[in-house]
Every structure is written in C-alpha cells, then in structure tokens.
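Below, all heavy atoms of this structure are taken into account, side chains as well, without hydrogens, waters or symmetry copies. Note on naming: letters A, B, ... go to the chains in the order of the sequence lines (proteins, then strands), and numbering restarts at 1 for each one.
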Amino acid sequence: MRTLRRYKEGLFNSSTAQIYCRKFSAIGNAKADRPRDQECLVWLRTSATHISLLHQILQSSARTGAPMEGKACHAQSICVGLQSDTLTSNMLINMYSKCGLHNCARKVFDEMPERSLVSWNTMIGSLARNGEEQEALSVFVRMQREENQFSEFTVSSVLFACAAKCAVSECKQLHAFAIKVAMVLNVYVGTALLDVYSKAGLIKDASFVFESMPERSDVTWSSMVAGYAQNGLYEEALVLLHRAQMIGLEHNQFTISSAICACAGLAALIEGKQVHAFIGEAYTVFQGMEDRNTILWNAMISGFSRHACSLEVMILFEKMQQAGMLPSEVAYISVLTACSHMGLVESGRKYFNLMITEHNMSPNFVHYACMVDMFGRSGLILEAHNLIENMPFDATASMWGSLLASCRIHGNFHLAEIAAKHLSEIEPNNAGNLILLSNIYAANNKWEEVARTRKLLKESELKKERGKSWIEIKDKVHSFMVGERKHPRIAEIYSKLDQLVEKLRMMGYKAEIEHDLHYVEESRKHELLRHHSEKLALTFGLMCLPSNAPIRIMKNLRICGDCHSFMKIASSCLGREIIVRDTKRFHHFKNGFCSCQEFW
DNA sequence: CTAGGGTTAG
C-alpha cells in the first residue's frame, strides 16, 4: 500500500503506473473482500484520473472477468467526463461483456453518442456470447439499416450467434456474402462458418468450407474434428485427427475430448473385441494429457458411461476428485446413470446427496430424471413417484415415461394411469401417449374411459411417425417401412422372415403384442409386430451379407420391446452380431444379450 | 478496444 500512497502523491510516472497496474490486476484475481482491496477500490473511485491507467484497469478487469474494478472505472470515467469517449465506452462494453454483465454493456452501448465499428462488433459479440443470440442478430440488422459498414469481426460474431440457434438460412446468406467480398478467406469467419454448418447437421457443407479454407488454425482443425464427432461420423473425426497430427499440429484439450468422444462412439459401431481396444486407446491418450480439465474428465467418464462400463465410471469419478478436480454437474449425470444401470440404489442416493451437501450444487432436471429412472427400474415405484411430485421442477415427459415403463414392468396400474395422464398432458401431440392411456384403461376394464380416450384420439387425428429402418449393403442404402411393399425383393424377404420367426419361436421367442399400440384385433397385432421395419431390415441383411459379418441396422424411432427380444434371441440362435442404432443409442446384440442391459 | 472449437440423459 506504500506504492499506492506514493502514486497518489504523484511520485510515479506512467510507466511505473503500468507496473502498479499489473499488481492491481493480481489483486483483482483474489477475493475483493479484504480491507486492502477495498482501500484500492475507494482510491480508484476518487483518484484515478490517469486515462491510460483507467484503460489498463478496464482491460485487466475484462481479462480476469472480475467486474469490481471495472465498475469503479465506469463510475470514474463518468466523473472525469469520459462518457462520450468512444474508446473508453468500447472498453467498458468489452469489460462488461467478459464479466457476463451484458445488460450493463448494452446500457453503455445505447448511451454512446457516437458508435464506431468496434462498438457494434463488441456489442454483437457480447450479446452472442451471453445467450442473447436473437438480440445479437437484431443489433446486426439495425447496424445495416443505419448504413454502417461491417467487418470480418462482425460476421464471425453473427455466425457464432447463428451456431447457437442453428439458424441455417441466415448462415447461408452470410456465407454467400462472405464469398462475394472474400471474407471467407479469414480464418475466424471460415471456422465460425463451418461450425454453424456442423451444428446444424449439414456436415457436408461444413467439410466443404473446411477443405476450401486457405489457412487453418488449431481452432479450425478441432472445430472440424468436433463437427464430425457430433454428427456421428466418428471414423472421419479420427481420420481428420490423424491428418492434423501429420501436419505437426499439437493435440490440445479440445481435440482430445473430441477424440475421446469419437472413440467412444466408434467403439459402439464395431465388434465386441474392438470395443475395449478403442475405449482403451482413448484412455491411454487421456492419461498422457498433462493437465486435464473438467471437460476432459467428463468426456472420458461419459465415454465409459456410454458403454455401460459403469464400474469404470465410478472409479474414474473418484479418481477425478483425488486429482483435485471438483466433479461437475455433467460428471454427476454419468455417475448417477451408472448407479441406475447397475441397480445400485444406495450408491445413487449417496451421490445425489453428496452433490447437494458436499458440492453445493442444485441438481437439475437431468439428475432428477436419473434418480426417477433408478428408483423405477429397481421397483421402488412409489419412491420414484414421490420424487417426481416433490422436485423443484415440472416433471418432463421422459420422467413420466420412465415411471410408466416401470409401472408396466412391476404391474402398478394405478400409478401407470397417473403417469400416462400426465404424459398426454405434456405431449398432447403424441398419439402414442393417448393409446398407452387407453390400453391401461382397457387392462383395468374401465371401458367408458377407453371409449372417451378413443374419441379424443380420433378427434385429434394424431398420427405416429411411421417406423423406418435402413441397412447399408455394398454402398447402397436399403430402407424399409413398417409393412414395406415396394422393395424389389420384398416377397422373398417376407418368406425368409416367416421362416426366421418360426425358428426363433422354437428357441423360445414369443411375440410380445403389448408393444403394439394399435386399436386392432390380436391377430392383426401379431402381423403388425412381425412386419416391424427392423425385422425386415435384419432379414434382408441375413440374405445379403456374408455369414459371419455383423448386421448393422439404423432406425428412426426407438426399438420396441418385442423387436428387442427378437434381436436378442436371433443373435444367439444365428450366432450373429446384430447392431441396431435407434434414435437414442446403440443396441449391440450378441450371444442372446444386449449391450444396453435392458436399459433404453 | 472487437471475432471462431470440446463433455451431459431419454
């Protein structure tokens, strides 16, 4: 503090002030509740008339994300008559934005008498990075309306906002514009552009942008790797990663976590033997990383979690803490899921409580969903229901759906009715819920209710999305609808399928018609189930692929319980590996078992 | 003074 006094007494020139400034920003990093720091702030409010010092403090405040000094600078800048100074205002906007106070930034922006290109850019970037994407786009529109020129900075920020909103049409317009004025050549613009495309699922466009970029930074490479991984193109992700290594690019946290994600995803697609090899490979890379941050740990933990390697999840979760990391919300999702998979109710309870008491977190709805699922699967249906009723959020459709599923397994019709009612309220457009509800009434002989629900269903004219599966054979995709008629070899497929069903029936397969939710006779239900698209795709795969090749099927809906049992028995009876990717996960059937362990 | 990338269930 002696330094401070001497500065106040005017004993320092501006270069000494700079040294002091660095000290000050170090203080800013620490908690500002000690008397010394308070003294600094008081001094700042009253004495900082040195403009360059003011600016430097603003910069350090922006860097450290600590608004305390920045706010004092704001007050001071007004005192010394800097409120109409564009440079100072720009720095204020930047500082507030970096501290997450975008409303304060906006206020400064709105009150500026003259706005420069940097002011607009900073404001748009601030809104985009603080979750106000729509507002960022509006400001951009206003910027154009007021006939301001914009720059690469503007475009990359606007694209960033587009990425969060998956705003493809805006992105395409900007892309066209960027090509016209040669802005695509800018690394930032190009990277932001490919990121929007890959987040919107247009991975081909993303890779086109990537390949045509004249210059790529490490961010460009890892964006592209991440893009492939997020779009399920795990192999491409790993190939690109290899390419990045070849040109001598160093791995960083971003590429590694995408790599782990890609390994975990790819492993699910490949035969059992290689599953562990891939996850093992990812784990080796992970262990080789010098400083592992939270996201990296999470990526590794959830990589194991996705493979139902629950034990590894729990071990890694503990190791993470031993390494001095605080488990994040995401890590807790993985560990709770692991408990649910293994039926470890007590451990689940323990972790859930630990999260609240030890780590001061408030569980979000996903954590609650894990708990509901865990209780339900273990037959603690009342406890599951209790949790749903007493949690601090509205229950989601998936929670009621999970409760309903456990009610059906454990035969609790009363709660099933409650769950189904809630489900059809939350998702009034989902015909499946109404059909479920009516089936429950039917099972309880509540015929009046059945009639009422049926009427409701007819009135709403809701339609379920039709089931569709597809299988790739020799570079050609063959797709099958439920009860497919158009495929050129359909007659042969049906007759082969009949033979297969007969064979499996001898091995103990029994059609589970409760999984068919149509209003039809039982015999018709058998027929509908038999013609589910994944069964058709499987039959066609058996006809076309070599006898030892695994069969990979993709499906647009969730696999039904009957097909799931069917695939399990088929895998042991035919000695084939069958992999079904439905909307949520991979089911890897082998020797009569499924990798999901009845969890989906 | 201003811009781009990674993890999460059902």
Within the structure, does a side-chain N or O atom of [X] lie under 4.0 Å from either OP1 or OP2 of [N]?
X	N	answer
R306(A)	dT8(B)	yes
N94(A)	dT2(B)	yes
R129(A)	dA3(B)	yes

Can you tell me which nucleotide in dT2(B), dG6(B), dT7(B) comes closest to the side chain of S258(A)?
dG6(B)
Nearest to the side chain of D218(A), which nucleotide is it out of dG5(B), dA3(B), dG6(B)?
dG5(B)
Which parts of residues 153-161 of chain A get close to DNA chain B, meaning a heavy atom less than 4.0 angstrom away?
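Nucleic-acid contacts, sorted: F153(A), S156(A), S157(A), F160(A).
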So, does the side chain of [X] form a donor-acceptor pair with the base of [N] at under 3.5 Å?
X	N	answer
N298(A)	dG6(B)	no
T255(A)	dG6(B)	no
S398(A)	dG10(B)	no

Is the shortest distance from a Lys or Arg side-chain nitrogen in R349(A) or E383(A) to a carboxylate oxygen in the other one below 4.0 Å?
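Yes, R349(A) and E383(A) are salt-bridged.
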Using 4.0 Å as the upper bound for N to carboxylate O, is an ion pair formed by E425(A) and K421(A)?
no
Do Y188(A) and the base of dA3(B) stack face to face, with centres under 5.5 Å apart and an angle between planes under 30°?
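Per 5.5 Å and 30° rule: yes, stacked.
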Counterpart residues, side-chain hydrogen bond (donor to acceptor under 3.5 Å, both in side chains), relative to Q83(A) (two or more places apart)
none
Checking side chain to side chain contact (heavy atoms under 4.5 Å, CB included) for the pair S119(A)/M112(A): CA distance, chi angles, key distance, verdict?
CA-CA 9 Å; S119(A) 322; M112(A) 284 172 85; 3.5 Å; yes
Using the benzene-type ring in the case of Trp, are the ring centres of Y368(A) and F352(A) under 6.0 Å apart?
yes
